[in-house]
Amino acid sequence: MKTANPSLNEILNQAFNSELDPKMSLEKYKHVAFIFSVLQNSTAVLTDLKSRRNYIYHGALSAYLGIGEKMTSEISDMVWEESILKLIHPDDLRYKQTMELQLFHYIKSKHPQERLNYYLVMRVRVKAKHQSYIPLELKIYYASSSDSIQLALNIYSFTLANSGDHAATGVIINSCNGEVLLAKDLQFKNILTKREVEILKEIAKGNASKEISEKLFISKNTVDRHRQNIIEKLCVKNSTEACHAAVLMGII
C-alpha cells in the first residue's frame, strides 16, 4: 500500500517479522497516548505500522483545530494522521517527513534496548479553525521489535511562540542523558560506502546497471550487488525509494 508520504512508504516497507516486547505493547502505548491527550490537552496519534491502523486521542487542541472533540478518541484505518497533516504548513510538513525518516534510520542503527531512549521534537505551524497558522510542538516516539519499528506516537500540543531554534529546526533527544542531536550530527553519510554513493548518484540520474557498469568500469553484477546492498542498508524496497531516502538524509 502506497501513501502520499514518500518517507512513510519507506517506514512501512519493513519486514515486521518479530513481535513487540510486552513491556512496550500496543495496549500500553494506547494508555500513554490517552494520558498525553488529557494532561497536555494534546492531539495524540498512535500508529500501528504493522496493521496500518491509527488510534487518535483528542484533547482541547483537537477542538481548537476543528478535528475532534475534547476527551474523545477514534480508530482509523487511514495510514497516517491525515486530518492533521493537511493542516500543517507545506514547508513544515516536508521537514516533518524528513525528520521522521531521519529518526527512523537513526533508531534502526541502535541496539533494540537503546531505541526507546530517543525521540524527536520540533515546532510545526498548523492551521486552526480561524484559518491562521499557530505554532505547535510535535514530539515523535517510536517503539520497536528486534527487526522493525512497529509503533509511532505523534504528540501535538501548544507551545510558546518563541520556543527556540532547536524546536523550530527539529532535534533528536536522548532522554537518558539529555544529549541533543541536530541533523548535522547524525552522520548518515557513513551508512553507505564511497562506491555505493557513487552508484546511487548514477541511479538517481536514471542510469541502468549496464550504463553504470560501463561508466565506472566495473561489471554489471558488481553494480547489481551494490544496488542490493544500498536497498538493504537504507531499509527501503527499491532503488527509487533508496534515492528518495538518500536525498532526505543528505547522502546524495
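Given the structure is predicted, the values throughout are model-derived calculations rather than measurements.
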Quick check against the 3.5 Å criterion: does [X] have a side-chain atom that pairs as donor or acceptor with the backbone of [Y]?
X      : Y      : value
Arg123 : Glu137 : no
Asp92  : Arg125 : yes
Asn54  : Ile56  : no
Thr159 : Leu136 : no
Arg115 : Lys110 : yes

Would you check if [X] and [Y] make a side-chain contact, meaning some heavy-atom pair closer than 4.5 Å?
X      : Y      : value
Leu46  : Phe34  : no
Asn174 : Leu181 : no
Ser239 : Ile231 : yes
Lys70  : His58  : no
Tyr118 : Ser175 : no
Gln150 : Phe16  : yes
Thr193 : Val197 : no
Ile155 : Leu138 : no

Shortest non-hydrogen contact from [X] toward [Y]:
X      : Y      : answer
Ile230 : Ala242 : CG2-CB, 4.0 Å
Ser42  : Ser157 : OG-CB, 3.3 Å
Leu116 : Ala143 : CD2-CA, 4.4 Å
Cys243 : Ile203 : SG-CG2, 3.8 Å
Arg52  : Leu49  : CG-O, 3.5 Å
Ala128 : Ile134 : CB-CD1, 4.4 Å

Examine the side chains of [X] and [Y] and answer whether a donor and an acceptor come within less than 3.5 Å of each other.
X      : Y      : value
Thr43  : Ser62  : yes
Ser146 : Ser18  : yes
Glu19  : Ser145 : no
Ser209 : Arg227 : yes

>> According to side-chain hydrogen bond (donor to acceptor under 3.5 Å, both in side chains), who are the partners of Glu214, at least two apart in sequence or on a separate chain?
In response: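 In terms of side-chain hydrogen bond (donor to acceptor under 3.5 Å, both in side chains), with neighbours along the sequence ignored, Glu214 is linked to Lys210.
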Atom pair [atom1]/[atom2] of [X] and [Y] - distance to nearest 0.5 Å:
X      : Y      : atom1 : atom2 : answer
Phe36  : Tyr141 : CZ    : OH    : 4.0 Å
Asp48  : Lys50  : CG    : NZ    : 8.0 Å
Thr47  : Tyr55  : OG1   : OH    : 10.0 Å
Ile84  : Ile88  : CD1   : CD1   : 6.0 Å
Ile172 : Leu120 : CD1   : CG    : 6.0 Å
Ile67  : Lys86  : CD1   : NZ    : 9.5 Å

> Going by the salt bridge (charged side-chain N to carboxylate O under 4.0 Å, His left out) test, which pairs reach into residues 28-37, not counting sequence neighbours?
Replying inline: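 The answer is Glu27-Lys30.
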>> Quick one, Arg225 with Asn229, criterion side-chain contact (heavy atoms from CB on, under 4.5 Å). Give me CA distance, side-chain angles, the key distance, then yes/no.
In response: CA-CA 6 Å; Arg225 186 173 68 252; Asn229 289 340; 4.1 Å; yes
> Going through the checks in order, is the side-chain contact (heavy atoms from CB on, under 4.5 Å) test met by Ile149 and Ser144?
Replying inline: CA-CA 4 Å; Ile149 307 298; Ser144 71; 3.4 Å; yes
> What about Leu65 and Tyr133, same hydrophobic cluster or not, with Ile/Leu/Val/Met/Phe/Trp/Tyr joined at side-chain heavy-atom distances under 4.5 Å?
Replying inline: no
> Can you tell me if CE on Met71 sees more than 12 non-hydrogen neighbours from other groups inside 6.0 Å?
Replying inline: no
>> Within the supplied structure, the quantity of interest is the number of heavy atoms (other residues, nucleotides, ligands) at a distance under 6.0 Å from Glu69 CD; does it exceed 12?
In response: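 Counting other residues, nucleotides and ligands, CD of Glu69 stays at 12 neighbours or fewer.
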> Between Arg195 and Glu198, is there a salt bridge with N-O shorter than 4.0 Å?
Replying inline: yes
> Any ion pair linking Glu100 and Lys96 (charged N to carboxylate O, less than 4.0 Å)?
Replying inline: yes
> Are Phe158 and Tyr64 close enough that their ring centers fall under 6.0 Å?
Replying inline: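 Here the rings of Tyr64 and Phe158 have centres that are less than 6.0 Å from each other.
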> For Ile107 and Leu103, what are the C-alpha separation, side-chain angles and deciding distance, and is it a side-chain contact (heavy atoms from CB on, under 4.5 Å)?
Replying inline: CA-CA 6 Å; Ile107 287 180; Leu103 175 64; 3.5 Å; yes
> When you look at Ile173 and Glu179, which way does the side-chain contact (heavy atoms from CB on, under 4.5 Å) test go after all the steps?
Replying inline: CA-CA 6 Å; Ile173 296 177; Glu179 180 184 14; over 6 Å; no
